[in-house]
Structure formats: C-alpha cells, structure tokens
Amino acid sequence: MNVTVIGLGLVGGSVLRALAAAGHHVVGHDADPATRATAHAANGVIAIQASLPETLRRPRLGVTISPPMADVDAVISNLPCSTPAHPSS
C-alpha cells in the first residue's frame, strides 16, 4: 500500500516506521524542518518531503497525526478533490 504520513513527531514517526517495516511504501511530511530532519536521520530510506503539495501529488492513503490546525488547513486546501459542505454551513 502507498501511504503518506503527515505529522512526523513521536506518534507520526512511529507510524511511519511501522508501516515501512510492514512493507508499505511510505512518504512522510512535517511542516517543521527540524522534525523533518530528525525523521529523515532516523528513517534513512523512507522519503521525507519538505513540500506538502509534492507530498500530496501521488495518490495514496493519507494519515494525519494530530498536526497543528494550520497544517490540517493546508492539507485540505491541497486535496485534489472537493470536500462536501457541512450541513450547518
């Protein structure tokens, strides 16, 4: 399975490593350059993308791990499909 993990802190980094160890093709992204560098150093062969649009370019299952709301908004605005309106809006 192709999986993107957005948010590479303690939980996201662990999910990234577990998915890779299970044989999945994973790509990771984090908005924080220091967190990306730490994830890259710890994971070596796993692709860590600096650009969120580049990360989302390929079709794959996406996993977000409690990122800050600004990151969630960025992910939603970069999705290649429309999202339904909430009934209360």
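Scope of the values below: all heavy atoms of this structure, side chains included, with no hydrogens, waters or symmetry mates.
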| query | Should Val15 and Val3 be regarded as members of a common hydrophobic cluster, given that ILVMFWY residues are connected when their side-chain heavy atoms come within less than 4.5 Å of each other, either directly or indirectly? | reply | yes
| field | Thr4 OG1 to His25 NE2 distance, which is reported to the nearest 0.5 Å | value | 9.0 Å
| request: To the nearest 0.5 angstrom, please state how far the CG atom of Leu16 sits from the CD1 atom of Ile6. | output: 11.5 Å
| note | All heavy atoms of Asp30 vs all of Asp32, minimum pair found to be OD1-N, 2.9 Å
| field | Shortest non-hydrogen contact between Val5 and Gly12, atoms and distance | value | CG1-O, 3.6 Å
| Non-neighbouring partners of His24 that pass side chain to side chain contact (heavy atoms under 4.5 Å, CB included), sequence neighbours left out | Met1, Leu19, Ala22, Val26
Would you tabulate the side-chain donor-acceptor contacts of residues 46-53 under 3.5 Å, counting partners in other chains and residues two or more places apart, or write 'none'?
from	atom 1	to	atom 2	distance (Å)
Ser51	OG	Glu54	N	3.1

